[in-house]
Structure formats: C-alpha cells, structure tokens
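Here the structure is a predicted model, which is why all the values come from computation and not from measurement.
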Amino acid sequence: MDRIKESFDILPIAVCFFDKNGGVRLINHRMLSIVNILRKDGIQTLSELRHALEFPPSNIYRLDPKLQIFLFPDNQALQFTEESITTKAGIPYTQIIAADVTELINKQNLLKEENTKLKEANDRLRTLFTRMPEIIREEETLAMKLRVHDGIGHSILAARRALISNASARELKVSAELWEQSIAILYRYNQMTVHNELLETAQKRAEEMGVKVITEGAFPKTKKNRRLTSLAICECAANCVRHAGGTELYVRFDYIPDYVNVSISNNGAKPEEEIIEGGGLSMLRHRIEGSGGIMRIQSFPNFNLKLDLPEKEETVNESDDR
C-alpha cells in the first residue's frame, strides 16, 4: 500500500480526490504544491478548491474561464478538470486533475501569429485584386498615350523631311495621310468617355464581389464627380456584400441647377440598427466634403447613401488626364 501511495505521490500530473462530503481523501505532491499557490492556507475541501479557481489570487491569470486554464507565476499553463468517479464498491469520489498545457498554449499562440500574418497577406492580395481593373485600365491608357506620342512624332518627322527635301506631291500626300491618322488617334483619345471607364471599373469591381450595379440617369459630367461617384459605388458594393448580403446595387442620378444628386441603395437585408461609419465610409465622407459636396446616410427603413455634388464646369487642369 505504501508503494502505491509513493507512486501516486510522484506522478508528474497533479491529481487529488474528494469524498462525497467534499473532504480531501488523496492528493499527490504535484497537486499539493499547486493548491498551496492557489490558496495561502492550502485546500482542505472541494468547495475551497472550487472557490480558489473561481477567484484566483492576483499572481495567477485566468487564460480561459470556460476551459479552466490558468497561467501560474512560473509561466506554466494548467488546465483543471473535474470528474465524478465511483469505485467498484460503489463509493463516489470527485477527481480533480491539473494537466500541464503550456506547450499546447505556446503552439496555439504561434498558430495565432501565423494566422495573423496569413490574414495580412490575404488582405494585401485582396486589395491588389480589387485594384486590378484600375491597374489594367492605367496600363491601357499608358499604351494609348505611347501610341499617340509615337504616331505624332512620326508624322512630324515625315512632314519635316518632306518640306526640307522639296518632296513630290505624292510624298506630300503620304505625309498628309500620316497627319490625318495622328489627328484621328488624338480625336479618339480625347473623345474617350472617361465617365464610362470609371463607371465600368466600378461595375467590374462590384461584379467581382458578386454585386450587379443598376444605374438610372446620366452619369456626372465632371471628372471629379465621376471619380467620387465611382468610389461611392465601390464602397457601397463592398458593404452590401459584407453587411447586408445583397446582390444588387441601385444608383440613381438626378440633376438640379449646379448640382447632381446621387442616391445609392441595395437589395440586401435592412439594417437592424443605426449605421455607424467605419473606415471606408468615413474616408468617403472626407473626400466628398473636401470637394464641396454633402454626404448623408439613411439607415431606416432601408440603407440609402445620398450625395449632393456641385456640378460646375472643370478647368483645363482639372479635366486633364495626363
């Protein structure tokens, strides 16, 4: 019997048993050292141990109340589990085990750090994916500008050579045709409907998120308002998916003297409480109000973002895409 008791005392895991009246019947050395830290005067009953675990001293930190995991002063994490057992003779006991889960906690913390890094990487990829249409459009615009630049440069050199060398009428005609081609390219480039490109980009971004953009009315005339409206469409499309589970975005344009009114709503779930502006909407408000516009958010009965944008003629510098 003494050998059994000795083996029980030197077990690496902390364990103790309480009888049906809650008194300590058996406790090994490991558990004894732990309960002496939990309670200054030690533990004599099951209720005392439960109270010590419910209200641990200041030097013991409760990592997980539900799983009963505690961090002790020696940076060791212990999980306490309680179980009712009955001997073959039918005598009931309550078993308390304190298992060392320090390594598991450390691995869990490392996993959380890795998950955080993965989330940051995914966020960067998602941002890049969201901006992909804009990047492609910028590359296409640059390619167009290079073609215009090369075409005009070639026309100028050809015309200069023809004039210096007193070229024939046929050569002058060829040079004139080159000029006509360059002028046609310039005309097409200058006639590119920037508002349609911006709207198309916003629609594509929304579609990538699973939202169809349905517009009513003419898109704003000024480049500034087209850009602001496109930003609003992208932000509302993202919020439509994230918060309302919607699939359609409704954008309406109405005009009054010197202003365009933009109304954006969706077919998603109605807000359950007043909408509080997050980073995206706050940034959008800053852009709208910084441009002299007004932004209003309606939460009930349905979400509606309303913009009042001054629609004045742009100066040459404002409308220049270069």
Chemist: Does the pair Glu48/Arg39 count as a salt bridge with the N-to-O cut at 4.0 Å?
Modeler: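 Here Glu48 pairs with Arg39 in a salt bridge, since their nearest N and O are under 4.0 Å apart.
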Chemist: Can you check whether Asn261 reaches Lys306 side chain to side chain, under 4.5 Å on heavy atoms?
Modeler: no
Chemist: Got Phe219 and Ser230 here, is their nearest side-chain heavy-atom distance under 4.5 Å?
Modeler: yes
Chemist: With a 4.5 Å heavy-atom cut-off, do Phe17 and Ile85 have their side chains touching?
Modeler: yes
Chemist: Taking the six-membered ring for Trp, are the ring centroids of Phe70 and Tyr61 within less than 6.0 Å of each other?
Modeler: no
Chemist: Flag yes if Leu46 and Phe55 sit in one hydrophobic cluster, no otherwise; membership is Ile, Leu, Val, Met, Phe, Trp, Tyr, and two members link when side-chain heavy atoms are under 4.5 Å apart.
Modeler: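 Leu46 does not cluster with Phe55.
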Chemist: Taking Ser299 for the side chain and Ile275 for the main chain, is one N or O donor matched with an acceptor at less than 3.5 Å?
Modeler: yes
Chemist: Inspect the surroundings of CZ in Arg25 and state if more than 12 heavy atoms from other residues, nucleotides or ligands are less than 6.0 Å away.
Modeler: no
Chemist: Run the numbers on Val262 and Leu309 for side-chain contact (heavy atoms from CB on, under 4.5 Å), then give the verdict.
Modeler: CA-CA 8 Å; Val262 184; Leu309 305 174; 4.2 Å; yes
Chemist: Taking the side chain as every heavy atom from C-beta outward, state whether Val35 and Ile27 have any pair of such atoms under 4.5 Å apart.
Modeler: yes
Chemist: Applying the 4.5 Å side-chain criterion to the ILVMFWY set and letting contacts propagate, would Leu281 and Met283 be lumped into a single cluster?
Modeler: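 Unlinked, Leu281 and Met283 end up in two clusters.
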Chemist: Applying salt bridge (Lys or Arg N to Asp or Glu O under 4.0 Å) to Lys204 and Glu200, what does each step give before you reach the verdict?
Modeler: CA-CA 6 Å; Lys204 285 182 179 179; Glu200 183 180 345; 3.2 Å; yes
Chemist: For Asp254 and Ser263, does a side-chain donor sit closer than 3.5 Å to a side-chain acceptor?
Modeler: no
Chemist: Would you check if the side chain of Thr87 reaches a backbone N or O of Ile91 as a donor-acceptor pair within less than 3.5 Å?
Modeler: yes
Chemist: Which atom names give the shortest non-hydrogen contact between Ala98 and Ile13, and what distance separates them?
Modeler: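 Ala98 and Ile13 have their closest heavy atoms at O-CG1, 3.8 Å.
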Chemist: Using atom types as modelled and distance alone, determine if a side-chain donor or acceptor of Tyr255 lies under 3.5 Å from a backbone N or O of Ala218.
Modeler: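 The answer is yes, because a donor-acceptor pair under 3.5 Å joins these two groups.
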Chemist: Glu235: which residues meet the side chain to side chain donor-acceptor pair (under 3.5 Å) condition with it, sequence neighbours left out?
Modeler: Asn239
Chemist: Is there a path of hydrophobic side-chain contacts, each under 4.5 Å between heavy atoms of I, L, V, M, F, W or Y residues, that connects Phe72 with Ile96?
Modeler: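 Yes.
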Chemist: Taking side chain as C-beta onward, heavy atoms only, is Glu216 less than 4.5 Å from Val251?
Modeler: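 Side chain of Glu216 against side chain of Val251, heavy atoms only: no contact under 4.5 Å found.
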Chemist: Any donor-acceptor pair under 3.5 Å linking the side chain of Glu82 with the backbone of Thr94?
Modeler: no
Chemist: Heavy-atom distance under 4.5 Å between the side chains of Ile233 and Val213, does that happen here?
Modeler: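 SC-SC contact between Ile233 and Val213 confirmed.
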Chemist: Would you say Glu311's side chain and Lys221's backbone share a donor-acceptor pair under 3.5 angstrom?
Modeler: yes
Chemist: Tell me, do Phe80 and Ile69 make a side-chain contact under 4.5 Å, heavy atoms counted?
Modeler: no
Chemist: Step through the shown structure and confirm whether more than 12 heavy atoms of other residues, nucleotides or ligands are within 6.0 Å of CZ on Arg285.
Modeler: yes
Chemist: For Ile256, look at atom CD1 and say whether over 12 heavy atoms of other residues, nucleotides or ligands are found less than 6.0 Å away.
Modeler: yes
Chemist: Do you see a donor-acceptor pair shorter than 3.5 Å between the side chains of Ser265 and Asn302?
Modeler: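 The answer is no; no qualifying pair exists.
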Chemist: Should Leu307 and Leu305 count as side-chain neighbours, where that means a heavy-atom distance under 4.5 Å?
Modeler: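 SC-SC contact between Leu307 and Leu305 confirmed.
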Chemist: Measure across Val211 and Cys240 and return the closest heavy-atom pair with its distance rounded to 0.1 Å.
Modeler: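 Smallest heavy-atom distance, with atoms named: CG2-SG, 4.4 Å.
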Chemist: Would you tabulate the side-chain donor-acceptor contacts of residues 104-111 under 3.5 Å, counting partners in other chains and residues two or more places apart, or write 'none'?
Modeler:
| from | atom 1 | to | atom 2 | distance (Å) |
| --- | --- | --- | --- | --- |
| Asn106 | ND2 | Thr102 | O | 3.3 |
| Lys107 | NZ | Glu103 | OE2 | 3.4 |
| Asn109 | ND2 | Ile105 | O | 3.3 |

Chemist: Do the side chains of Leu32 and Ile60 join up, straight or via other hydrophobic residues, at under 4.5 Å, putting them in one cluster?
Modeler: yes
Chemist: Check for a donor-acceptor pair, side chain of Arg62 on one end and backbone N or O of Leu53 on the other, with a separation under 3.5 Å.
Modeler: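 Pair found, side chain donor or acceptor close to backbone of Leu53.
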Chemist: Could you verify whether a donor N or O on one side chain and an acceptor N or O on the other, from Tyr250 and Glu248, lie under 3.5 Å apart?
Modeler: yes
Chemist: What pair of heavy atoms forms the shortest contact from Gly292 to Tyr259, and how long is it?
Modeler: O-OH, 4.5 Å
Chemist: Please answer whether the main-chain N or O of Gly23 pairs with a side-chain N or O of Asn21 as donor and acceptor at a distance below 3.5 Å.
Modeler: no
Chemist: Examine distances only and state if a side-chain atom of Asn267 and a backbone atom of Thr247 form a donor-acceptor pair shorter than 3.5 Å.
Modeler: yes
Chemist: Using a strict 4.0 Å threshold on nitrogen-to-oxygen distance, state whether Arg50 and Glu54 make a salt bridge.
Modeler: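 Salt bridge between Arg50 and Glu54, a charged N being under 4.0 Å from a carboxylate O: no.
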Chemist: Between Asn225 and Pro310 (side chain of the first, backbone of the second, donor and acceptor by atom type, cut-off under 3.5 Å), is there such a pair?
Modeler: yes
Chemist: Under a 3.5 Å threshold, yes or no: a donor from one side chain and an acceptor from the other, between Ser33 and Asn36?
Modeler: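 Distance-only check fails for Ser33 and Asn36.
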Chemist: Taking all non-hydrogen atoms of both residues into account, name the closest pair between Phe253 and Gly217 and its distance.
Modeler: CD1-O, 3.8 Å
Chemist: Test side-chain contact (heavy atoms from CB on, under 4.5 Å) on Phe18 and Leu26; report intermediate values, then the result.
Modeler: CA-CA 7 Å; Phe18 298 87; Leu26 196 60; over 6 Å; no
Chemist: Check this for me, if you would: do Glu207 and Lys212 make a salt bridge, where the nitrogen-to-carboxylate-oxygen distance has to be below 4.0 angstrom?
Modeler: no
Chemist: Taking all non-hydrogen atoms of both residues into account, name the closest pair between Cys234 and Arg205 and its distance.
Modeler: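 Closest approach of Cys234 to Arg205, heavy atoms only: SG-CD, 3.5 Å.
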Chemist: Is a side-chain donor or acceptor of Asp64 paired with a backbone partner of Gln68 at a separation under 3.5 angstrom?
Modeler: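 Here the side-chain-to-backbone pair does not exist.
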Chemist: Between Val15 and Gln95, what is the shortest heavy-atom contact and its length?
Modeler: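 Looks like CG2-CG, 4.1 Å.
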